[in-house]
Amino acid sequence: MSMKDFQNNIRSIKDTPFGYTLSIISGKWKMVIMYWIIEHQPIRYNELHRKIGTISYRTLSQQLRELEDDGIIIRKEYPQIPPKVEYSLSEKGLSLMPILEEMCKWGENHL
């Protein structure tokens with residue numbers, strides 16, 4: 001396989017349902033964020049940061065913004081001082097949970 005064929009194959013995966021799913025959940029933190037949200041929803045920003053532990057505030061904000069833009073999470077802001085923001089999974093996000101549960105089962109079987 002030539003490099004050009006290899007690059008064409010990589011580009012074409014992005015246009016598949018599999019590629020779309022990967023684009024939503026890929027990255028170091030998105031599935032971890034989704035896990036903690038489903039376990040404690042709704043969850044506030046600082047509590048989520050404490051649960052994850054090793055993520056920077058900037059990265060957490062960026063990943064939450066991407067998940068919100070993709071319709072996976074819902075950000076609810078309350079008009080009060082100090083600001084209160086809670087995150088929960090949307091219906092679209094909840095529909096990903098069977099996939100994450102199967103990944104957990106696979107991990108249990110192969111750990």
- Item | Residues which pass salt bridge (Lys or Arg N to Asp or Glu O under 4.0 Å) with Glu102, listed by chain and number, not counting sequence neighbours | Lys105
- Task: With sequence neighbours left out, write down each residue that passes side-chain contact (heavy atoms from CB on, under 4.5 Å) with Thr54, or none if nothing qualifies.
- Result: Trp29
- Could you list the residues that satisfy salt bridge (Lys or Arg N to Asp or Glu O under 4.0 Å) with Lys92, not counting sequence neighbours? none
- Message: Any non-hydrogen side-chain atom of Ile74 less than 4.5 Å from a side-chain atom of Leu89?
- Response: no
- Message: Please evaluate residues Lys30 and Ile72 with respect to the criterion side-chain contact (heavy atoms from CB on, under 4.5 Å), reporting the C-alpha separation (whole Å), side-chain torsions for both, the decisive distance (0.1 Å), and the verdict.
- Response: CA-CA 10 Å; Lys30 288 184 179 178; Ile72 302 301; over 6 Å; no
- Message: Looking at every heavy atom in both Ile73 and Leu64, which two are closest together, and how far apart are they?
- Response: CD1-O, 3.4 Å
- Message: What's the separation between atom CD1 in Ile52 and atom CD1 in Ile33, rounded to the nearest 0.5 Å?
- Response: 4.5 Å
- Task: State plainly whether one hydrophobic cluster holds both Leu22 and Leu67, where clusters connect Ile, Leu, Val, Met, Phe, Trp and Tyr through side-chain heavy atoms under 4.5 angstrom apart.
- Result: no
- Contacts satisfying side chain to side chain donor-acceptor pair (under 3.5 Å) that involve residues 36-48 (not counting sequence neighbours) are Tyr45-Ser61
- To the nearest 0.5 Å, atom CD1 of Ile25 lies from atom OH of Tyr20 at 11.0 Å
- Query: Quick one: are Leu96 and Ile24 in side-chain contact, heavy atoms under 4.5 Å?
  - Reply: yes
- Task: For Met97, look at atom CE and say whether over 12 heavy atoms of other residues, nucleotides or ligands are found less than 6.0 Å away.
- Result: yes
- Message: For Leu94 versus Pro98, what's the shortest heavy-atom pair and its separation?
- Response: O-CD, 3.7 Å
- Message: Please enumerate all residues that pass salt bridge (Lys or Arg N to Asp or Glu O under 4.0 Å) together with Glu91, with sequence neighbours excluded.
- Response: none
- Quick one: list whatever passes side-chain hydrogen bond (donor to acceptor under 3.5 Å, both in side chains) with Arg65, sequence neighbours left out. none
- Does atom CZ of Phe18 have more than 12 heavy-atom neighbours from other groups under 6.0 Å away? no
- Check whether any side-chain heavy atom of Lys51 lies under 4.5 Å from a side-chain heavy atom of Ile43, and answer yes or no. yes
- Test item: Met103 and Leu100 side chains (from C-beta on) under 4.5 Å apart, heavy atoms: yes
